[in-house]
Amino acid sequence: MNWQMSDLATWVGAMQWMFLLYFIGANGGYSLLNLLSLAGIRRHLEERALEALPHIYSGFEPPVSILVPARNEEATIAASVRSLLQFEYPEFEVLVVNDGSTDGTLAALTREFALAPFPEAYWKRLPIQPLRGIYRSPCIPICACWTRSTAARPTP
């Protein structure tokens, strides 16, 4: 029985060393993976920091006019113009061309953006029917509406 106890003690000691080496190896592997991921984390944080910065414009971007043709769009025109007004660009304007609508498209725009008649002179370059009116929003200066008559198609 004496020799069996010594064999058991040797076996338990060997198992303790085996568990100790396993945990040292596993934790060493985890530590190595953490060290290797530091470079990736640093690169990710640098890229993310650049995305959070505001967009820088050079100042040489040309002004942009967004033309919105609208004919019988009473139900959707206000939401469409609101979505276009969220455009991120240094200088732009939204021009709604109400092309002879027979529904309340102009009334919906007037109600939503407080459009008022604007006495703007325009240069007639194309053979079209005269405009019924030009409207501007006093609260949103980049929003305007040109209203044409129902027969506002080019004449041959």
Return the [atom1] to [atom2] distance between [X] and [Y], rounded to the nearest 0.5 Å.
| X | Y | atom1 | atom2 | result |
| --- | --- | --- | --- | --- |
| Arg82 | Ile140 | CZ | CD1 | 5.0 Å |
| Leu45 | Ile41 | CG | CD1 | 7.5 Å |
| Arg111 | Leu106 | CZ | CG | 10.5 Å |
| Tyr22 | Asn27 | OH | CG | 9.0 Å |

Quick check: is [Y] connected to [X] through a chain of hydrophobic side chains (ILVMFWY, heavy atoms under 4.5 Å apart)?
| X | Y | value |
| --- | --- | --- |
| Leu67 | Ile134 | yes |
| Phe19 | Trp11 | yes |
| Leu20 | Met15 | no |
| Leu109 | Val97 | no |

Give the minimum heavy-atom separation between [X] and [Y], together with the two atoms involved.
| X | Y | value |
| --- | --- | --- |
| Ala78 | Phe113 | O-CZ, 3.8 Å |
| Cys139 | Ala114 | SG-CB, 4.4 Å |
| Asn72 | Ser101 | N-OG, 2.8 Å |
| Phe92 | Leu84 | CE1-O, 3.8 Å |

*Is the number of heavy atoms from other residues, nucleotides or ligands under 6.0 Å of Met18 CE greater than 12?*
no
*Are there more than 12 heavy atoms of other residues, nucleotides or ligands under 6.0 Å from atom CD of Glu91?*
no
*Is any side-chain heavy atom of Asn98 less than 4.5 Å from a side-chain heavy atom of Tyr135?*
no
